[in-house]
Student: 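First the structure, which I've put down as structure tokens, then a few questions once you've had a look.
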Protein chains: 2
Amino acid sequence: MESKPNIQAVAKLANVSIATVSRVINNQGGVRKKTEDRILKAIDELGYIRSAAARTMKKKETKTVGVIVPDIKNPFFPIVMAGIEQKAREKGYFTILSSTSESQAIEEEIVKNFIERGVDGVIITTANEDSDHLKVLQNQGIPIVAVDRSIQNLNVDTVIVDNEKGTYQAIQHLILQGHKRIGIICGPLNTTPAFKRLIGYKKALEDYNIPFNEQYVIHGDFQEQSGYKGTKELYSLDEQPTAIFSSNNLMSIGSLKALQDCNWILGKEVSFIGFDDIDIATFMNPKLTVVARPMNTLGELAFQLLHERISFKESVPRREYMLSPELKIRESCRLN
Amino acid sequence: MESKPNIQAVAKLANVSIATVSRVINNQGGVRKKTEDRILKAIDELGYIRSAAARTMKKKETKTVGVIVPDIKNPFFPIVMAGIEQKAREKGYFTILSSTSESQAIEEEIVKNFIERGVDGVIITTANEDSDHLKVLQNQGIPIVAVDRSIQNLNVDTVIVDNEKGTYQAIQHLILQGHKRIGIICGPLNTTPAFKRLIGYKKALEDYNIPFNEQYVIHGDFQEQSGYKGTKELYSLDEQPTAIFSSNNLMSIGSLKALQDCNWILGKEVSFIGFDDIDIATFMNPKLTVVARPMNTLGELAFQLLHERISFKESVPRREYMLSPELKIRESCRLN
DNA sequence: ATGAAAGCGCTAACAA
DNA sequence: TTGTTAGCGCTTTCAT
């Protein structure tokens, strides 16, 4: 039982031609019930499963969408992915997921591989928003949807979160509580999300006439370690900030660990707001105030856009959805 | 620029035969440098990417392994996946990931799809250890490696964690601190991990002559909600347990939330040990004692086994790795 | 209602 | 060193 039966084998066993078998496999009708039964039986008996490769060669479609994320270990992406998968399944599409570890080289490899495999479309949170390495997808006529990070100079449908607004609200919240020295731990500023969050930060300070101070801006990389290190830096400042804003979940975790290690008391000596709601948020004592993104919706919407694009190609104009994050006020910020 | 060039187009542009192009694509050598350059140039010019479908039809291999997990939202799996991906990349393999949401029906769909696509092997944490729905893979001669959950009646390489031992140590730890009424929140008992953890629990009680009491056994489903509900049940018991063991990370989160809502004070009124180290573990006050699994290693090992199996097929005997988890003693357990 | 046959893009055996 | 050619397994058109 160690060989893959093909359509020929089925045809022979059922005593029909391969064309008839194909009709049955694809539910095209026009086959006598009795014949169909015979074929179905043969398929079952042989354990026949049709080859996607052969099918793709003829049909030029795979009913597959490729998803590329920068960091599968960041819980944000699995949740977005869950949203994508669910919608995809509903439409009869299959998803394949790969993670780049924020490496553009790996991203290029993955893109190439996806093309080789003939994915019908790609949903991507790119590691590098300079889009040159993604042009190749466009050249092949493969639709792309950008999620969470937009793509420069490439005319693609986009689903992002209003990072600027989310951060603005967070910083505003801190300012209204009397904070003036507010630290921000940024992500890689060549990504829109990280950049926009910094913009939101600056804008809020400006609107409330608080001077921008470079020393309160920490340049992180969205990884836990940089949140940790950045927070220690802030702690060691002569004029410590009275509040910290962390630009993503992983860095929040690092930051919070640093707070503990420094014995810098959260919610008392220092207020804290993190971007993204995380498991720990409601366990901490005090509970964490966060900017929460609609992760599942992000994924669902992304697939929906992609699906429309696959179905109608150019006939739809480019669309950009900007979802609003929500400031969840809990207990980690106190009057200053 | 909207058509996919094929090997023919390249051959024509470079003024050679398709065979020569094929040789270049596959680095088979035996092509004059000058010819090769001409071909490479043509490939670049046309943006040619070879069709995996066509290639697969000839070669019967895809250099792809499929990974099936039951719940992509459980952070355990992305980390295992990261281990798999890394090793796979090293060996020139590509991974595709799908999540079943613990549904056997979806799992079957995914398996079928993987076969259609001709994956060279499958790494799976199955939603249902009764293996009938996986036999089809074996029939097609596709190697399987089971990760974290073994598969009944199917002779496959397996990488698991010593769940019994890990739990035993946890319960022993509690007992030695004087606990006698110990609650356990189980996962679905038709999965080995959940089952073995219960066994470890029972064994520890037995070894220390503590009577087993059914009322302290909560039947959960590895989801947060069941941890929450189960904990509330334990709380409402006339004879409350003095310690709780939770069988997985998600349920731990639910359980901890319930503790808070019940105002049942962790580390004081009730001790707690969770299976799997989670982000929140070291933030909680007190910090959580946990049984930690070597997640990344689990993934790396799984791919390694699969790769050997792909390369040598039957010539290798079936192997089973049982990795030891580690009891990380922190602060959530107190003398009783 | 069914079958014969062309051809998708590639690899590899054989020829030159 | 290069070219010719036979399939791989399927879908689809055209006959029957």
Student: If an axis is fit to five pairs at each end of the helix from C:dA1-D:dT16 to C:dA16-D:dT1, what is the angle between the two, to the nearest 10°?
Tutor: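 Taking five pairs per end, the axes differ by 40°.
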
Student: In residues 7-18 of chain A, what residues come within less than 4.0 Å of DNA chain D, judged by heavy atoms?
Tutor: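 Within this stretch, A:Ile7, A:Ile18 sit under 4.0 Å of the strand.
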
Student: Between A:Thr191 and A:Phe222, what is the shortest heavy-atom contact and its length?
Tutor: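 What the structure gives for the nearest pair is OG1-CE1, 4.0 Å.
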
Student: Taking everything shown except B:Lys112 itself, do over 12 heavy atoms lie less than 6.0 Å from its NZ?
Tutor: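 Open: at most 12 neighbouring heavy atoms sit under 6.0 Å from NZ of B:Lys112.
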
Student: Check side chain to side chain donor-acceptor pair (under 3.5 Å) between B:Thr56 and all other residues, then give those that pass, not counting sequence neighbours.
Tutor: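 In terms of side chain to side chain donor-acceptor pair (under 3.5 Å), with neighbours along the sequence ignored, B:Thr56 is linked to no residue.
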
Student: Run the side-chain donor-acceptor check on residues 11-31 of chain A: report pairs under 3.5 Å with partners two or more places apart or on a different chain.
Tutor:
from: A:Ser17; atom 1: OG; to: A:Ala19; atom 2: N; distance (Å): 3.3
from: A:Ser17; atom 1: OG; to: A:Thr20; atom 2: N; distance (Å): 3.4
from: A:Ser17; atom 1: OG; to: A:Thr20; atom 2: OG1; distance (Å): 3.3
from: A:Ser22; atom 1: OG; to: A:Asn26; atom 2: ND2; distance (Å): 3.4
from: A:Asn26; atom 1: OD1; to: A:Arg55; atom 2: NH2; distance (Å): 3.1
from: A:Asn26; atom 1: ND2; to: A:Ser22; atom 2: O; distance (Å): 2.9

Student: Taking for each residue the nucleotide of DNA chain D bearing the nearest heavy atom, is the 5' side occupied by A:Ala53 or by B:Thr35?
Tutor: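 Closest to the 5' end, via its nearest nucleotide, is B:Thr35.
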
Student: List the residues meeting salt bridge (Lys or Arg N to Asp or Glu O under 4.0 Å) with B:Arg50, not counting sequence neighbours, and say none if there are none.
Tutor: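 Salt bridge (Lys or Arg N to Asp or Glu O under 4.0 Å) check on B:Arg50 returns A:Glu116.
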
Student: Which residue, B:Leu134, B:Ile96, B:Thr100, forms the side-chain contact (heavy atoms from CB on, under 4.5 Å) with B:Ile68?
Tutor: B:Thr100

Student: Quick check: closest heavy atoms across A:Gly118 and A:Thr62, and the distance to 0.1 Å?
Tutor: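 Shortest heavy-atom separation between A:Gly118 and A:Thr62 comes out as O-OG1, 2.8 Å.
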
Student: Can you tell me which residue pairs pass the salt bridge (charged side-chain N to carboxylate O under 4.0 Å, His left out) test with a partner in residues 75-89 of chain B, sequence neighbours excluded?
Tutor: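 Listed by first then second residue: A:Glu109-B:Arg89, B:Lys87-B:Glu90.
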
Student: Would you give me the side-chain donor-acceptor pairs under 3.5 Å for residues 69-81 of chain A, sequence neighbours excluded?
Tutor:
from: A:Asp71; atom 1: OD1; to: A:Lys73; atom 2: N; distance (Å): 3.0
from: A:Asp71; atom 1: OD2; to: A:Gln223; atom 2: NE2; distance (Å): 3.3
from: A:Asn74; atom 1: OD1; to: A:Phe76; atom 2: N; distance (Å): 2.9
from: A:Asn74; atom 1: OD1; to: A:Asn249; atom 2: ND2; distance (Å): 2.6
from: A:Asn74; atom 1: ND2; to: A:Asn249; atom 2: OD1; distance (Å): 3.2

Student: With a 4.0 angstrom cut-off to heavy atoms of chain B, pull out the first and last contacting nucleotide of DNA chain C, in 5'-to-3' order.
Tutor: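 Result: C:dG9 to C:dA13.
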
Student: Give one of base, sugar-phosphate or nothing for A:Thr56, where a contact means two heavy atoms less than 4.0 Å apart.
Tutor: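 The residue A:Thr56 makes no contact with any strand.
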
Student: Just list the side-chain donor-acceptor pairs under 3.5 Å for residues 301-312 of chain A, sequence neighbours left out, or say none.
Tutor:
from: A:Glu308; atom 1: OE1; to: A:Arg319; atom 2: NH1; distance (Å): 2.3
from: A:Arg309; atom 1: NE; to: A:Asp157; atom 2: OD2; distance (Å): 2.8
from: A:Arg309; atom 1: NH1; to: A:Lys313; atom 2: O; distance (Å): 3.0
from: A:Arg309; atom 1: NH1; to: A:Val316; atom 2: O; distance (Å): 2.6
from: A:Arg309; atom 1: NH2; to: A:Asp157; atom 2: OD1; distance (Å): 2.8
from: A:Arg309; atom 1: NH2; to: A:Asp157; atom 2: OD2; distance (Å): 3.1
from: A:Arg309; atom 1: NH2; to: A:Val316; atom 2: O; distance (Å): 3.4
from: A:Arg309; atom 1: NH2; to: A:Pro317; atom 2: O; distance (Å): 3.1
from: A:Ser311; atom 1: OG; to: A:His307; atom 2: O; distance (Å): 2.8

Student: Roughly how far, to the nearest 0.5 Å, is the OG atom of A:Ser51 from the CD1 atom of B:Ile115?
Tutor: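 Between B:Ile115 CD1 and A:Ser51 OG, I get 12.0 Å after rounding to 0.5 Å.
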
Student: Which nucleotide span of DNA chain D, 5' end to 3' end, has atoms closer than 4.0 Å to non-hydrogen atoms of chain A?
Tutor: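 The contacted stretch runs from D:dG9 to D:dT13.
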
Student: What residues from residues 20-30 of chain A pass a heavy-atom cutoff of under 4.0 Å to DNA chain D?
Tutor: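 Those residues whose heavy atoms fall under 4.0 Å from DNA chain D, taken from residues 20-30 of chain A in numerical order, are A:Ser22, A:Arg23, A:Asn26, A:Gln28.
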
Student: Just distance, no hydrogens or angles: give the donor-acceptor pairs under 3.5 Å from side chains in residues 143-154 of chain B, sequence neighbours left out.
Tutor:
from: B:Asp148; atom 1: OD1; to: B:Arg293; atom 2: NH1; distance (Å): 2.6
from: B:Asp148; atom 1: OD2; to: B:Arg293; atom 2: NH1; distance (Å): 3.4
from: B:Arg149; atom 1: NH1; to: B:Glu102; atom 2: OE1; distance (Å): 3.2
from: B:Arg149; atom 1: NH1; to: B:Thr126; atom 2: O; distance (Å): 2.8
from: B:Arg149; atom 1: NH2; to: B:Glu102; atom 2: OE2; distance (Å): 2.9
from: B:Ser150; atom 1: OG; to: B:Thr192; atom 2: OG1; distance (Å): 3.2
from: B:Gln152; atom 1: NE2; to: B:Glu129; atom 2: OE1; distance (Å): 3.2

Student: Would you call B:Lys41 and B:Asp37 a salt bridge, using N to O less than 4.0 angstrom?
Tutor: no

